[in-house]
Amino acid sequence: IVSGKVKNYRGDDPVELNIPFSEQYYKENPVFLKLDSKGNFHFIVKGKFPKIALLRYARKEQWVLLSPGRQTNGFSFHDLP
């Protein structure tokens, strides 16, 4: 499960989750996550093996490691430069 919060969310920019193909951004594979009115999001990633994923929001991006059976919680785009 990938979850987090966009602080000061205004409802304008989506959060994109992209699991790359061959370790590069894969433009044919974006998933746009739905946020609630407070900016919270969550998404279940299926699979048996760890995956690298790119989270993007408002021109900010962060690579994350997704591992089966482990949650990626508390990610905040507010913390990015």
Enquirer: Taking all non-hydrogen atoms of both residues, which atom of E61 and which atom of R56 are closest, and how far apart?
Expert: OE1-NE, 3.3 Å
Enquirer: How long is the straight-line distance from CG of L17 back to OH of Y57, given to the nearest 0.5 Å?
Expert: 16.0 Å
Enquirer: Only pairs under 3.5 Å count here: list side-chain donor-acceptor contacts from residues 43-52, not counting sequence neighbours, and write none if there are none.
Expert:
residue	atom	partner	partner atom	Å
K51	NZ	K46	O	2.7

Enquirer: To the nearest 0.5 angstrom, please state how far the NE2 atom of H42 sits from the CG atom of L33.
Expert: 9.5 Å
Enquirer: Can you tell me how far the NZ atom of K34 sits from the CZ atom of F41, to the nearest 0.5 Å?
Expert: 15.5 Å
Enquirer: Check the hydrophobic clustering (I, L, V, M, F, W, Y; side-chain heavy atoms under 4.5 Å; chains of links allowed) and say if I19 and F32 are grouped together.
Expert: no
Enquirer: Compare every heavy atom of P20 with every heavy atom of A53, then report the nearest pair and how far apart it is.
Expert: CA-CD, 4.1 Å
